[in-house]
Amino acid sequence: MKFKATLTTLLILLSTQFATSASADDRQEKWDLAWRTLYEENRPLKAIGDLDSLMKTGWIHTNTFAQFYAFTGNLIETEFLAHAYLAEDIVDPPIELICEAYMRIPATEAIMDVARNAKLVMMNENHYSPLHRAFASQVIGVLRPIGFSLFGAETFSEVVAERSDRLTSPTLDLGVYSAEPMFGDLIRHAIAQGYVLFPYEQTAAQLVDGVDENTRRAVREQSQAANIKRVIDDNADKLVFIYGTHIRKTPGNGSNTMMAYRLQQLTGIEPISIDQTGGTPSSARRYQTPLYRGVERCGKLDYPVALRKRDGTYLARDGYDITIFFPHTNYSIGGRPDWLISIGGRA
C-alpha cells in the first residue's frame with residue numbers, strides 16, 4: 001500500500017531520533033503495530049499508548065511522540081513533551097523592538113496583502129500544534145478568492161495524488177497527521193473550497209541508502225523541492241499554497257538549506273513564506289522565541305496579528321516574509337483551548 005510506504009519513509013526520516021541500542025527490526029515491528037492500530041483499526045488512543053512505550057525506552061524522541069500525542073486533544077501535555085529536551089535554564093533575551101514603528105494588522109488581512117501578487121505561498125507549522133492547522137483553515141479561505149487552487153501539504157501521502165479528482169472528505173490514509181482532528185478539518189475545508197490537493201514529501205524511491213545524516217537531510221529537502229517543481233511545471237497557470245515545514249528562504253550550510261530556497265533555485269519563483277512557529281506563545285517563558293517575547297513587550301495580543309512596518313513590509317524572523325503572532329491560549333472553558341472558538345470555529 002502506498003500509504004504504508006509513506007509511513008515507512010517517515011520512520012526512516014525520523015530514524016536519527018531513535019536510540020542506537022534498538023535494532024532496526026525492533027523499531028519497525030513496534031512502529032508497524034502503532035501504524036496498524038491508528039490507521040487501520042482507527043484506535044488512536046491505543047496507538048498513542050504503543051508509541052508512548054517507544055518513547056519511554058528511548059526509541060523515539062519526545063518531540064516525535066508529541067506530534068502524535070496532539071491527537072488526544074491534551075495540548076498542555078503535548079507542549080510539555082514537545083519541549084522536554086530543552087534545558088531549564090536557557091532563555092535567550094527578547095528581541096528589542098521600537099513598538100511605535102509597527103502597526104498591528106489582523107493576520108488574515110496581512111496575509112492577503114503579501115499574497116495578492118504571488119504565484120507561490122508557503123506556511124509552516126509545528127507538527128504538534130492543532131492551533132496552526134486551525135489557522136491554516138482560515139488562510140486557505142482568504143487565498144481561494146484571490147486565485148489559489150492547488151494545496152500541497154508535507155503530510156500528504158501518495159494516496160492523495162491518486163484520489164485528488166474525487167476526494168469528498170478526509171480519510172486516515174491521506175497523511176500521517178490527517179488523523180489529528182484539526183488537520184482533518186483543514187483537509188475538509190480545502191476540499192469544500194475546491195482546492196486540488198497534492199503530496200510533495202520525499203518518496204521511498206527518492207531515499208538514498210548508505211549516506212550520513214546530513215546528506216540524508218539534504219536529499220530530503222531537494223526531493224521536496226523537485227516534487228513541488230513538477231506540480232508547478234504541470235500547472236503553469238495555477239497558484240500554489242504549500243503547508244508544512246522547511247520553508248525558510250535563506251540558504252543554510254549544506255543540509256540546513258531548506259526546501260524553499262532550493263525550490264526558488266529550481267524554478268526562479270520566490271515564494272511568500274509565512275511563519276507561524278516563531279509567533280506562537282507557549283505556557284512557559286523558556287519555550288517562547290525571543291521575537292515573540294519582544295512583541296509581547298509592546299502590549300497584550302488579543303487575536304492573531306502581523307506587525308507592519310512603515311515601508312509596508314512585515315516583521316518576520318530571518319528567512320521569512322511575515323510572522324504571525326498569536327495570543328496566549330486560555331484553557332478556562334472546560335479545559336479546552338479558547339482558539340477552538342475564535343480560530344477553529346468550534347463551540
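Panel note: side chain N227, backbone Y200; a donor-acceptor pair is recorded below 3.5 Å. Put simply, the side chain of N253 never gets that close to the backbone of N256: no donor and acceptor are under 3.5 Å apart. The backbone N or O of R144 lies less than 3.5 Å from a partner atom in the side chain of Y195, making a donor-acceptor pair. Proximity of a side-chain donor or acceptor of Q264 to a complementary backbone N or O of E270 within less than 3.5 Å is not detected. For N126 (side chain) and S129 (main-chain N/O), no donor-acceptor pair under 3.5 Å exists by modelled atom type. With hydrogens and angles disregarded, a donor-acceptor distance shorter than 3.5 Å links the side chain of R262 to the backbone of T257. Proximity of a side-chain donor or acceptor of N330 to a complementary backbone N or O of D338 within less than 3.5 Å is not detected. At least one donor-acceptor pair closer than 3.5 Å links the side chain of T323 to the backbone N or O of R317. Formation of a donor-acceptor pair under 3.5 Å by the K119 side chain with backbone atoms of A236 is found in this model. Between the side chain of T62 and the backbone N or O of L81, at least one donor-acceptor pair lies under 3.5 Å.
One hydrophobic cluster, built from ILVMFWY side chains closer than 4.5 Å, cannot hold both L143 and I269; they sit in different ones. Put simply, L186 and I111 are part of the same group of oily side chains (I, L, V, M, F, W, Y) that touch within less than 4.5 Å, one to the next. Note on Y314 and I146: same hydrophobic cluster, where clusters join Ile, Leu, Val, Met, Phe, Trp and Tyr whose side-chain heavy atoms are under 4.5 Å apart, directly or indirectly. Linking Ile, Leu, Val, Met, Phe, Trp and Tyr whenever their side-chain heavy atoms come within less than 4.5 Å puts I48 and V176 in one cluster. Residues I228 and L239 do not share a hydrophobic cluster, defined by chaining ILVMFWY side chains whose heavy atoms lie under 4.5 Å apart.
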side-chain hydrogen bond (donor to acceptor under 3.5 Å, both in side chains) for T280 and H132? Distances and angles first, verdict last. CA-CA 9 Å; T280 301; H132 290 165; 2.6 Å; yes
Given side chain to side chain contact (heavy atoms under 4.5 Å, CB included), test D185 with R133 step by step and report yes or no. CA-CA 8 Å; D185 268 2; R133 292 146 188 181; over 6 Å; no
Derivation and outcome, side chain to side chain contact (heavy atoms under 4.5 Å, CB included), residues R308 and I322: CA-CA 9 Å; R308 189 164 64 198; I322 182 172; over 6 Å; no
Would you please test Q202 and L207 for side chain to side chain contact (heavy atoms under 4.5 Å, CB included) and show each step? CA-CA 7 Å; Q202 180 184 25; L207 293 171; 3.7 Å; yes
Let me see the working for R217 and E221 under salt bridge (charged side-chain N to carboxylate O under 4.0 Å, His left out), right down to the final yes or no. CA-CA 6 Å; R217 288 177 177 172; E221 301 289 345; over 6 Å; no
Using side chain to side chain contact (heavy atoms under 4.5 Å, CB included), reason through V240 and N235 one step at a time and then give a plain yes or no. CA-CA 9 Å; V240 181; N235 299 273; over 6 Å; no
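Going from atom OG1 of T108 over to atom CD1 of I324 covers 8.5 Å, rounded to the nearest 0.5 Å. Taken from NE2 in H127 to CG in N63, the straight-line distance is 9.0 Å, to the nearest 0.5 Å. Rounding to the nearest 0.5 Å places NZ of K238 at 13.0 Å from CD1 of I232. Going from atom SG of C298 over to atom CD of E100 covers 7.5 Å, rounded to the nearest 0.5 Å. Interatomic distance, CD of Q67 versus OG1 of T155, reported as 9.5 Å (0.5 Å rounding). F80 contributes atom CZ, which lies 13.5 Å from atom OG of S282 (distance to the nearest 0.5 angstrom).
D321 has its side chain out of reach of V114: every pair of non-hydrogen atoms, C-beta onward, lies at least 4.5 Å apart. Counting only heavy atoms from C-beta outward, the side chains of D32 and R36 approach each other to under 4.5 Å. In this structure, L263 and P271 have side chains that are not in contact, with every pair of non-hydrogen atoms separated by 4.5 Å or more. Side-chain contact between V142 and E109 is absent, with no heavy atoms from C-beta onward closer than 4.5 Å. Put simply, the side chain of L131 does not reach to within 4.5 Å of the side chain of P337, judged on heavy atoms. At least one side-chain heavy atom of F65 sits under 4.5 Å from a side-chain heavy atom of D52. A 4.5 Å side-chain heavy-atom check between P304 and P327 finds at least one atom pair inside the cut-off. Looking at heavy atoms from C-beta onward, R293 lies out of side-chain contact with R297 at the 4.5 angstrom threshold.
The two residues A134 and W339 have their closest heavy-atom pair at CB-CZ3, 3.9 Å. Closest heavy-atom contact between D113 and G312: OD2-O, 4.5 Å. Between I60 and L51, the closest heavy-atom pair is CD1-O, 3.7 Å. The minimum heavy-atom distance between F183 and Y177, with the atom names listed, is CB-O, 3.3 Å. When all heavy atoms of F198 and I242 are compared, the closest pair comes out as CZ-CD1, 3.6 Å. Minimum heavy-atom separation, M122 to A260: SD-CB, 3.8 Å.
For the side chain to side chain donor-acceptor pair (under 3.5 Å) test, residues two or more places apart in sequence or in another chain that qualify with T171 are R163, D173. Under the rule for a ring pair (Phe, Tyr, Trp, His ring centres under 6.0 Å), the partners of F135 that lie at least two apart in sequence or sit in another chain are F326.
Connectivity analysis of hydrophobic side chains (ILVMFWY, heavy atoms under 4.5 Å, direct or indirect) links L291 to I95, L97, Y102, Y292, V295, L301, Y303, V305, L307, L315, F325.
Using modelled atom types, one finds no donor on one side chain facing an acceptor on the other under 3.5 Å when comparing D275 with S273. Y243 and E125 are linked by a side-chain donor-acceptor pair at a separation below 3.5 angstrom, with hydrogens and angles left out of the test.
Under a cut-off of 6.0 angstrom, the local environment of NZ in K56 is sparse, with at most 12 non-hydrogen atoms contributed by other residues, nucleotides or ligands. Surrounding NZ of K30 are at most 12 heavy atoms belonging to other residues, nucleotides or ligands under 6.0 Å away. Heavy-atom contacts from other residues, nucleotides or ligands closer than 6.0 Å to CG of D311 number more than 12. Under a cut-off of 6.0 angstrom, the local environment of CG in D233 is crowded, with over 12 non-hydrogen atoms contributed by other residues, nucleotides or ligands.
A salt bridge does not link D234 with R230: none of the charged nitrogens is closer than 4.0 Å to a carboxylate oxygen. Using a 4.0 Å cut-off between charged side-chain N and carboxylate O, R220 and E154 make a salt bridge.
In this structure, the ring of H189 has its center no less than 6.0 angstrom from the ring center of F151.
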